[in-house]
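Order of listing sets the numbers, starting from 1, for every ligand and every atom in it. Given the structure is predicted, the values throughout are model-derived calculations rather than measurements.
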Amino acid sequence: MHKLSTIKAAILTFLSFSYLVNGFAQKIPVNYDESQMPAYILPDPLVLPNGKLIKTKEVWEKTGRPAVLKLFAENVYGVNPFPGSIKIEVKVKAVNENALGGKAVSKQITLRFPEISPTLAVNILLYLPKNAQKAPVFVSLNFMGNHTATQEKDVFVTENWVNSNFDKTFVNNKATDASRGIAERRWPMEAIVSRGYAVATAYYGDLEADHAEGWKTGLRSVLTPEQREKWSAIGVWAWSMSRMVDYLLKNELQIDKQKIIAVGHSRIGKATLWAAAEDPRFAIVISNDSGEGGAALARRWIGETVEHLNTQFPHWFCANYKKYNNAVAKLPVDQHELLGLMAPRPLYVASATKDVWADPKGEFMSAIEAEKVYQLYKQTGLGTTTMPPPNTPVGQIIGYHIREGVHDILLYDWQQYMNFADKHFEIK
Ligand code: GCU
């Protein structure tokens with residue numbers, strides 16, 4: 001009895017703490033109690049705007065998919081003002097034939113977009129496993145600069161704005177040499193290249209700093225106010241991932257161009273899902289703890305809500321998304337339909353047990369619902385509707401695990417992603 005009440009008190013303290021962090025500060029209530037959640041009806045990805053049911057993959061591809069994609073662009077992630085091919089200037093700034101203790105070759109490449117801006121650039125750090133001829137490659141943005149993903153001294157320190165709240169080594173929103181390797185736990189590069197995978201990463205803030213005024217020095221600064229409002233920071237980050245793919249496809253590299261994997265954590269997980277929805281060149285898609293505005297169902301009133309997102313991060317989504325702050329039932333899509341846009345590509349959704357703000361159950365349920373679209377391709381999605389225990393991956397064309405622990409991306413997660421990619425790419 002005594003023990004139970006202690007546990008209860010601990011839970012209540014934790015909940016009120018998250019309420020303080022995420023709730024009172026914004027005066028938006030936070031709910032973690034399933035019994036308090038109002039009932040909701042999810043939109044059906046297989047029902048066309050005219051009410052007709054989609055029964056074949058042909059109709060889905062011709063009519064259903066473009067309609068859902070458009071709804072997401074217009075209401076959530078924004079309309080990309082630069083569709084089509086983009087002129088890219090490539091500059092290889094450094095090559096290290098003996099990176100990661102001799103296990104890899106590293107390349108640092110700058111991409112510029114002369115027709116859009118003379119100064120904006122995406123700076124890629126690419127690790128290629130030393131002896132692989134055709135390595136599958138993970139494309140993933142990082143939160144704090146390439147130099148934070150590794151201790152390697154030759155990796156350039158980002159000169160772009162960084163969030164000083166993210167780390168004490170950041171001074172006045174500038175990264176310093178002292179921040180080398182601070183995010184290493186999220187980037188187990190040696191373990192990845194040892195399994196024959198390449199990694200291409202870039203700082204997510206290269207084309208738009210992550211704050212409300214970030215657009216002023218970023219890619220959206222070249223747009224008209226109307227275009228800018230219609231797009232979003234997440235749209236820009238997703239766009240940068242597609243430019244990384246342009247580079248990987250157009251250059252002579254020891255990678256397998258059919259095996260490009262999009263992976264991202266949290267807000268970058270949201271951008272990753274959107275990147276892969278827009279860009280079919282990503283062959284596998286992985287969402288790590290992407291939560292609200294990512295894999296989690298928006299209509300579930302658990303943890304973060306659309307209103308929290310738009311209040312704390314007004315620049316992340318397009319202006320229209322704010323219309324749904326207090327009217328999520330009117331949102332013409334929900335996030336399972338975003339997952340459905342990945343079909344028939346293998347998709348992996350991951351959660352963490354302590355990441356209640358991201359609503360792990362909502363992420364899992366979204367993955368279940370996405371199966372409807374995969375069934376048009378005669379594919380089994382998760383193959384289960386029971387949430388697995390921690391650290392127990394499940395699924396077929398859609399994979400899922402809930403890692404024990406906090407909101408993060410760790411070696412355990414990467415190992416599951418490589419196992420999943422090995423299986424679907426038939427790598428022995
Ligand atoms: C905040 C935000 C989440 C986001 C996370 C992150 O917690 O509310 O939506 O996923 O930051 O990017 O780490």
Inset, instruction - For the pair W274 and F72, name the ring-plane relationship: parallel under 30°, tilted 30 to 60°, perpendicular over 60°. - result: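 Plane angle between 30° and 60°, so tilted.
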Inset, instruction - State plainly whether the residues D177 and K153 are in salt-bridge range, i.e. N to O under 4.0 Å. - result: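 K153 and D177: not salt-bridged.
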Inset, instruction - Output yes when R403 and D408 qualify as a salt bridge under the 4.0 Å nitrogen-oxygen rule, no when they do not. - result: no
Legend entry - Steps toward side-chain contact (heavy atoms from CB on, under 4.5 Å) verdict (I260, L249): CA-CA 9 Å; I260 300 181; L249 291 180; 3.8 Å; yes
Inset, instruction - Report yes or no: does H407 have a heavy atom closer than 4.0 Å to ligand 1? - result: yes
Inset, instruction - Select one of side chain, backbone, both or neither to describe which atoms of I268 lie under 4.0 Å from any atom of ligand 1, heavy atoms only. - result: neither
Inset, instruction - With heavy atoms only and a cut-off of under 4.0 Å, state how E304 meets ligand 1: side chain, backbone, both or neither. - result: side chain
Legend entry - side-chain hydrogen bond (donor to acceptor under 3.5 Å, both in side chains) partners of residues 69-81, not counting sequence neighbours, each pair once: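 For residues 69-81: K70-E74, N75-Y324, Y77-Q335.
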Short N/O distance, under 3.5 Å, between [X] and ligand 1?
X	answer
H265	no
K270	yes
R267	yes

Inset, instruction - Using heavy-atom distances, let me know which of A358, S266, A271, G294 sits nearest atom 10 (O) of ligand 1. - result: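 The residue whose heavy atom sits nearest atom 10 (O) of ligand 1 is S266.
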